[in-house]
Q: 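Pasting a structure below so you can have a look.
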Amino acid sequence: IDLVANAKMHRTFLQSLHQHKISWDNLVLQNEDNSFALSMHRYTQLWLPMIYSANTQKISCKKQTPLVPPSDVAWLWHCHRLAPYDYM
C-alpha cells in the first residue's frame, strides 16, 4: 500500500467535497430541503446494499467497473468509515 499516494488521493477527495460545498454542516445543520434524509436514504438503502452485493459476487476484480458513489454518498461513506460504531 502506497500511503503517500493514498493520502494525496484522500486530500483530493476532501478538496472536491469542499469545492462542491458538501460538509456535515451543509448536509445536517442547513437541511431546509431535506437533503440529509435523501442522502442518508441513498447511502443506507442503495449504496451499502450495492457494495455488499458487488463484494460478495464471484466476479474477477479485473472485469468489474469500479463503483464510484455520488459526492453526498461518498461523504457519508467517509464519515461512516471514520466512526463505524455511530452507524450501528
Q: With salt bridge (charged side-chain N to carboxylate O under 4.0 Å, His left out) as the rule and sequence neighbours excluded, what pairs involving residues 46-56 come up?
A: none

Q: Please set out all donor-acceptor pairs under 3.5 angstrom arising from side-chain atoms of residues 8-17, sequence neighbours excluded.
A:
unit_1	atom_1	unit_2	atom_2	d
T12	OG1	K8	O	3.0

Q: Taking only residues two or more places apart in sequence or in another chain, which ones pass side chain to side chain contact (heavy atoms under 4.5 Å, CB included) with L67?
A: W47, M50, I51, A54

Q: By the rule that ILVMFWY residues connect when side-chain heavy atoms come within less than 4.5 angstrom, directly or transitively, which residues belong alongside L3?
A: I1

Q: Under 6.0 Å between the ring centres of H78 and W75?
A: yes

Q: Is there any salt bridge (charged side-chain N to carboxylate O under 4.0 Å, His left out) pair reaching into residues 37-52, and which pairs are they, with sequence neighbours excluded?
A: R42-D72

